[in-house]
Colleague: 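Sending over a structure as structure tokens; questions will come in a sec.
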Protein chains: 2
Amino acid sequence: MRIVLLLALLLASTPFFAQSNDEKQIKAIYDKALTDGKAYEWLNYLSNQIGGRLSGSVQAQEAVEYTKEELDALGLDRVWLQPVMVPKWVRGTPEFAYIETKPGLTTNVPICALGGSVSTPDGGLKANIIEVQGIEDLEKLGKDKIAGKIVFYNRPMEQTLVNTFAAYSNCVDQRYSGAAEAAKYGASGVIVRSMNLRLDDYPHTGSMGYGDTPIKNRIPAAAISTKGAELLSTTLKLNPNIKFYFRQNCKQLEDVQSYNVIGEITGSTNPKEVMVVGGHLDSWDLGDGSHDDGAGCVQSMDVLRLLKETGYKPKRTLRVVLFMNEENGLRGGNKYAEVAQTNGENHVFALESDSGGFTPRGFSFDCSDENFEQVLSWKGLFEPYLIHLFEKGHSGADIGPMKNESIVLAGLVPDSQRYFDHHHAENDTFEHVNKRELQLGAATMASLIYLMDKYGTVPSQKIKG
Amino acid sequence: MRIVLLLALLLASTPFFAQSNDEKQIKAIYDKALTDGKAYEWLNYLSNQIGGRLSGSVQAQEAVEYTKEELDALGLDRVWLQPVMVPKWVRGTPEFAYIETKPGLTTNVPICALGGSVSTPDGGLKANIIEVQGIEDLEKLGKDKIAGKIVFYNRPMEQTLVNTFAAYSNCVDQRYSGAAEAAKYGASGVIVRSMNLRLDDYPHTGSMGYGDTPIKNRIPAAAISTKGAELLSTTLKLNPNIKFYFRQNCKQLEDVQSYNVIGEITGSTNPKEVMVVGGHLDSWDLGDGSHDDGAGCVQSMDVLRLLKETGYKPKRTLRVVLFMNEENGLRGGNKYAEVAQTNGENHVFALESDSGGFTPRGFSFDCSDENFEQVLSWKGLFEPYLIHLFEKGHSGADIGPMKNESIVLAGLVPDSQRYFDHHHAENDTFEHVNKRELQLGAATMASLIYLMDKYGTVPSQKIKG
């Protein structure tokens with residue numbers, strides 16, 4: 001009985017002391033991030049000196065060089081570029097569109113080409129336009145009512161979803177597959193309501209794909225601002241015979257050479273277990289990509305720096321990976337996973353930040369129940385920093401290709417209310433990022449990396465045990 | 001044994017069914033707030049058509065009339081104005097200040113008079129300036145080093161405090177009492193670093209008081225922007241003999257008549273138990289008072305509207321109170337409590353929103369342990385809306401005067417990272433409020449009011465039981 005009691009006391013006291021050290025280390029990370037973080041300064045350069053970084057652009061290459069230099073300056077154990085071929089799509093001259101209620105009576109509306117779209121014919125495309133609430137409406141309407149027309153996808157994001165990413169998921173099929181689907185019914189083009197919960201004048205771009213649509217059948221696709229979409233819808237209700245005109249001369253060019261940027265602190269005791277923290281370095285071209293995903297890149301860079309500067313020596317190998325081409329190809333994420341597999345690297349944990357630089361609220365985990373339980377046991381350590389949300393769900397696009405049975409994948413979950421006000425639009429710019437919110441995100445990520453490194457993921461503990 | 005089991009099952013099942021209805025009602029509130037809320041529309045008018053609403057100003061009176069009209073239009077049981085005399089302080093012509101490194105060599109810096117300050121002498125005040133980190137430094141320096149000089153209070157808000165209100169609390173004594181304390185050492189004026197966590201060019205005003213300083217000894221006090229403070233501090237390090245010049249012609253006038261604006265839904269079964277939800281209608285004059293505290297007013301108005309529109313009939317009397325003069329006098333809050341006491345009204349719950357219109361995170365409660373435990377039992381109902389923070393602490397300035405042993409006082413806790421970027425400054429304006437964040441706050445408040453009304457506060461339950 002006494003031994004049992006002693007054992008119970010011992011077990012009870014171990015977490016107490018362990019937690020106390022954890023509390024100290026985590027406090028040191030947050031304090032450093034809030035008083036001497038570098039994420040915001042790096043983002044300022046990336047956003048204001050380089051700007052939008054579409055894959056294959058000069059700016060994307062500048063971003064590769066800049067971030068490599070900055071990682072070099074941190075004194076990590078190893079910094080390198082991982083070659084990856086990326087698609088190069090160019091927007092061309094500014095897009096132009098109007099609603100024509102009768103010949104000569106036109107109202108301009110703000111549009112932008114969707115990434116990957118073909119151009120309109122020279123001189124633009126003018127046609128009748130038909131509004132639908134989604135791809136499923138096409139079949140109901142049939143070829144007769146669609147052929148030759150422009151299809152206008154106008155299903156809005158649902159305001160009632162508190163998690164705005166859920167609202168995005170429920171709408172994005174219109175943007176991604178709308179053109180390929182409408183082409184099957186002989187449509188001449190598609191206009192898609194911007195994925196934005198706010199009514200404003202910014203069109204929001206984003207990737208689209210033609211699937212197996214033959215090249216000759218590919219039709220141009222553009223996003224219209226939410227206010228433009230409301231105007232177009234109202235105008236169509238008054239007169240279904242109005243015409244819509246749009247012009248864009250975007251183009252898909254040959255793939256070009258680009259790079260993932262990688263920096264590493266080699267593990268002190270378990271160097272063969274690799275943990276990744278990252279974001280994607282490419283962005284759309286309309287804004288400067290501050291929230292999507294400059295924020296995730298500079299936070300990830302700061303994670304290694306914060307751990308280093310607070311004197312923590314990772315047991316496992318810790319890598320920051322700035323992935324190229326998340327937006328229109330995911331080539332960087334796929335390449336990283338492929339090389340890791342080829343080299344037989346054992347990745348145990350990967351954390352991505354790709355949901356904006358807003359106040360962090362928690363993490364979303366894609367992992368086994370055992371690992372999720374371990375994570376939940378750390379919840380209390382995050383509460384002083386108002387990090388409450390630990391849920392199972394999506395992690396991040398770039399780290400997704402690494403998924404297997406044992407790896408723990410996670411995504412930082414920042415407050416999402418304002419994210420889609422800026423996402424893929426001209427107003428995704430530096431002045432919409434708050435320094436403290438950004439740095440809190442970096443500290444939250446660094447704290448999770450610290451715990452994962454210190455305690456290991458569940459399979460690795462079992463192997464050790 | 002069987003009866004005990006049955007009882008246990010019954011007890012276990014009651015919360016289940018009750019919670020299910022609660023879940024539905026709360027979902028209805030959030031859905032309505034996010035799709036058909038009115039807070040944002042009201043705030044647009046209050047901010048953009050009326051503007052800053054300093055106590056005693058024409059705009060404050062316009063705000064009284066506008067909000068009364070809007071409450072009238074909601075079809076409440078009773079809407080009225082509660083007279084209260086308020087102080088009237090006027091800023092006068094724009095303030096002006098410069099650092100003089102040598103005669104003829106000056107650099108302008110942005111300042112604003114603190115609310116309640118006296119003016120400088122005609123033509124302004126020019127004197128040597130001495131930097132301190134707080135009131136406690138005055139005694140160390142002594143009269144010799146201070147007399148005739150301007151005292152520059154430059155203790156910054158602490159970046160490491162995740163709750164920015166804690167950082168504010170730790171600094172605000174410089175602003176409120178800095179002049180009264182410096183006057184004791186013969187200072188000729190005070191300049192206070194703005195209560196802002198960001199480096200920018202906005203001076204932030206706010207209330208100050210002279211305590212028992214005789215009128216002839218009162219010295220002018222102004223806030224300097226954080227960038228201005230950094231420049232002044234650096235310049236002083238290079239040369240402690242520089243001079244500082246500032247000019248302001250603000251003035252305290254006679255008290256004027258004003259009003260709290262009150263609307264009420266009379267309780268259906270317990271009308272003598274009163275629950276208050278409110279914010280303060282006055283604001284500082286530099287911006288338009290959108291976050292402080294237009295947001296709290298329109299959210300509180302929407303609370304009554306959301307409950308009404310979702311078909312909920314309060315058991316208890318529910319009042320929205322838009323308090324006048326929180327910023328420089330608290331006369332409205334004091335008057336409301338005084339009248340309530342005179343009339344022998346039984347106030348059981350009061351909720352204030354006065355921390356900005358940002359994403360709601362939870363509530364801070366000033367109440368008995370028993371009531372706090374009850375509140376904690378509702379936590380799960382708020383989790384789908386990402387409301388996680390239920391803590392004991394400060395509620396709100398305006399409802400504070402109602403405090404007694406039995407009342408439950410609460411304050412909405414929104415995300416605080418950006419609040420002090422705008423607080424009391426020219427950039428506290430409508431475009432810095434996000435519609436969804438504001439409406440989520442209104443829904444969160446309405447949900448708590450609903451639960452408090454339905455289940456009652458603990459003492460009232462005991463009385464009933």
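All chains are named by letter (A, B, ...) in the order of the sequence lines, taking the proteins before the strands, and each is independently numbered beginning at 1.
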Colleague: Within a 6.0 Å radius of atom CD on E426(B), are there more than 12 heavy atoms belonging to other residues, nucleotides or ligands?
Modeller: no
Colleague: For R436(A) and Q159(B), work out which heavy atoms get closest and say how close.
Modeller: NH1-O, 2.6 Å
Colleague: Can you name the residues that form a salt bridge (charged side-chain N to carboxylate O under 4.0 Å, His left out) with E41(A), not counting sequence neighbours?
Modeller: K38(A)
Colleague: Under 4.5 Å, heavy atom to heavy atom: which of residues 383-390 of chain A reach chain B? Give them by number, or say none.
Modeller: P384(A), Y385(A), L386(A), H388(A), L389(A)
Colleague: Using non-hydrogen atoms only, which part of L161(A) is less than 4.5 Å away from chain B: side chain, backbone, both, or neither?
Modeller: backbone
Colleague: Picking from L197(B), L440(B), D421(B), V162(B), which has the most non-hydrogen pairs under 4.5 angstrom with chain A?
Modeller: V162(B)
Colleague: For residues 409-419 of chain B, which residue pairs pass the salt bridge (Lys or Arg N to Asp or Glu O under 4.0 Å) check, not counting sequence neighbours?
Modeller: E437(A)-R418(B), R361(B)-D415(B), R418(B)-E437(B)
Colleague: Going from CG on D31(B) to CD on E158(A), what distance comes out if it is rounded to the nearest 0.5 angstrom?
Modeller: 10.0 Å
Colleague: If we only count heavy atoms from C-beta on, is the R198(B) to K435(A) side-chain gap below 4.5 Å?
Modeller: no
Colleague: Only pairs of heavy atoms separated by less than 4.5 Å count here; which of T164(A), T359(A), T35(A) has the most with chain B?
Modeller: T359(A)
Colleague: Please flag which part of N163(A) lies under 4.5 Å from any non-hydrogen atom of chain B: side chain, backbone, both or neither.
Modeller: neither
Colleague: Which of residues 298-312 of chain B have a heavy atom under 4.5 Å from any heavy atom of chain A?
Modeller: none
